[in-house]
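Input: a single structure, listed below in structure tokens.
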There are 2 protein chains.
Amino acid sequence: MNLAWHDVDDLFAALGDRIRLRLACCLLAVPTGACVCELVDALDESQPNVSRHLKVLKAARLVEERREGRWMYYRLCQPDHPLLDSIRACIATVCRCSDVQEDVRRLRTRLDLRRDGKCVFGTAMMPSRSGRRKGGERRVRLPLVH
Amino acid sequence: MNLAWHDVDDLFAALGDRIRLRLACCLLAVPTGACVCELVDALDESQPNVSRHLKVLKAARLVEERREGRWMYYRLCQPDHPLLDSIRACIATVCRCSDVQEDVRRLRTRLDLRRDGKCVFGTAMMPSRSGRRKGGERRVRLPLVH
DNA sequence: TTGATATATTCATAGATTGGAATATATGAA
DNA sequence: TTCATATATTCCAATCTATGAATATATCAA
């Protein structure tokens with residue numbers, strides 16, 4: 001199979017951003033996918049920003065999305081090209097060898113809040129590192145029971 | 001070994017540009033390195049541009065340089081980290097599966113002009129695809145005999 | 001020294017990228 | 001319908017990136 005230049009450098013450019021690389025590592029750690037608010041809490045970045053960066057990853061065909069009610073789940077695409085296998089190996093190495101471990105740990109904690117394997121909370125359920133959320137108090141919200 | 005974010009996304013960003021990816025592929029094909037003018041002819045890009053992009057690759061610690069007389073030879077760094085092995089695998093796949101083959105072919109043709117394994121010509125020894133060089137005629141220059 | 005030449009850098013500028021703030025959209029529940 | 005909420009988008013300003021053109025630097029030869 002022949003790759004267009006267009007696709008190839010977009011692939012690397014997509015990973016050439018800290019936030020997107022962190023997202024990719026998180027998604028590699030959760031093969032079935034994570035929803036936006038879970039990723040927002042894992043990275044402690046704003047929701048619009050996470051959403052934007054996920055869009056870039058999607059445009060590069062690194063991730064795919066599926067809607068489930070109000071939640072959008074993103075996961076890494078299945079590698080359908082040797083290059084994607086190599087890219088995946090890179091992401092795995094970054095996962096192993098960098099401080100992205102913290103993000104993954106926060107993500108796992110967040111995933112513990114799921115009910116029946118599904119996200120039932122919005123964002124702002126995690127203690128913030130950066131004090132981004134004003135007031136600082138954790139919003140208390142009851143889980144939606146389906 | 002732990003990687004700083006700084007290093008990691010710079011690495012991907014360095015490859016997130018068409019010209020730099022083409023350069024990386026060319027250098028993978030010539031492990032002992034190629035000089036700037038050979039790469040200029042292989043890619044048919046301007047010398048300042050090739051020089052600039054090589055600088056970015058160097059800053060990302062993907063390539064290293066050595067001077068030999070008037071010529072600067074660039075080559076891929078030896079992988080000293082698992083991530084660099086993975087990155088190399090990516091570049092190799094791109095080499096195999098994309099139209100960078102044309103660049104590598106032109107580079108090999110250019111390398112045939114070497115004497116004793118060293119570059120003895122400047123740029124503009126190759127027929128131009130894009131008609132970038134005004135006049136269009138190939139500059140005739142005698143090789144320097146050392 | 002002077003001249004030729006391989007490479008690097010500077011300058012200017014067009015275009016792309018980033019991210020905060022605000023807003024829009026989409027879905028589900030009541 | 002109306003409200004709540006998960007996600008996406010738009011607007012905007014700041015910043016970064018890419019590249020042509022011109023120039024500077026470095027090396028070698030004479």
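Side chains are part of it too, since the values below use all heavy atoms of this structure and drop only hydrogens, waters and symmetry mates. Proteins come first, then strands; the chains are lettered A, B, ... in the order of their sequence lines, and each starts at number 1.
- Evaluation of the salt bridge (Lys or Arg N to Asp or Glu O under 4.0 Å) rule for B/Glu64 yields B/Arg75 as partners, not counting sequence neighbours.
- In this structure, A/Glu65 atom CD and D/dA6 atom P are separated by 18 Å, rounded to whole Å.
- We find that CD of A/Glu68 is positioned 15 Å from C1' of D/dT7, with the value rounded to whole Å.
- Residue A/Gln47 forms a side chain to side chain contact (heavy atoms under 4.5 Å, CB included) with just one option from A/Asp41, A/Val40, A/Leu39, and that option is A/Val40.
- The residue A/Cys119 sits apart from the nucleic acid: no heavy atom pair falls under 4.0 Å.
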Report all side-chain donor-acceptor pairs from residues 23-32 of chain B shorter than 3.5 Å, counting only partners two or more places apart or in another chain.
none

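- Side-chain nitrogen and oxygen atoms of A/Arg67 include none within less than 4.0 Å of the OP1 or OP2 phosphate oxygen of D/dT7.
- D/dT19 atom P lies 10 Å from atom CZ of B/Arg18, rounded to whole Å.
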Heavy atoms under 4.0 Å is the rule here; annotate nucleotides 17-24 of chain C 5' to 3' with B where the base is hit, S where only the sugar-phosphate is, and - elsewhere. -SBBBB--
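- Within 6.0 Å of CG in A/Asp116 there are 12 or fewer heavy atoms belonging to other residues, nucleotides or ligands.
- One interatomic measurement links the two molecules: CZ of A/Arg114 to P of D/dA6, which rounds to 14 Å at whole-angstrom precision.
- Every side chain to side chain donor-acceptor pair (under 3.5 Å) that A/Arg114 has, sequence neighbours left out, goes to A/Glu38.
- Regarding B/Leu57, its CG atom lies at a distance of 15 Å from the C1' atom of C/dA8, rounded to whole Å.
- Atom P of nucleotide C/dA6 and atom CG of B/Leu39 are separated by 14 Å, given to the nearest angstrom.
- Comparing C/dA8, C/dT9, C/dT27 by their nearest atom to the side chain of B/Ser51 picks out C/dA8.
- In this structure, A/Tyr73 reaches neither bases nor backbone, as no heavy-atom distance under 4.0 Å exists between it and the strands shown.
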Do any N or O atoms of the protein come closer than 3.5 Å to N or O atoms of nucleotides 2-4 of chain C, and which pairs are they?
none

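- The side chain of B/Tyr74 contributes no N or O atom lying less than 4.0 Å from OP1 or OP2 of C/dA6.
- Between the CG atom of A/Asp41 and the C1' atom of D/dT5 there is a distance of 14 Å, given to the nearest Å.
- Judged by distance alone, the side chains of B/Glu68 and B/Tyr73 never bring a donor and an acceptor atom under 3.5 Å apart.
- The distance between atom CZ of A/Phe121 and atom P of D/dT5, rounded to the nearest whole Å, is 12 Å.
- Applying the side chain to side chain donor-acceptor pair (under 3.5 Å) test to A/Thr93 and every residue at least two apart in sequence or in another chain returns B/Ser86.
- At most 12 heavy atoms of other shown residues, nucleotides or ligands fall within 6.0 angstrom of atom CZ in A/Arg61.
- Under a 4.0 Å N-O distance rule, the pair A/Arg88/A/Asp85 does not qualify as a salt bridge.
- When the nucleotides D/dA26, D/dT9, D/dA8 are ranked by their closest atom to the side chain of A/Lys55, D/dT9 comes out on top.
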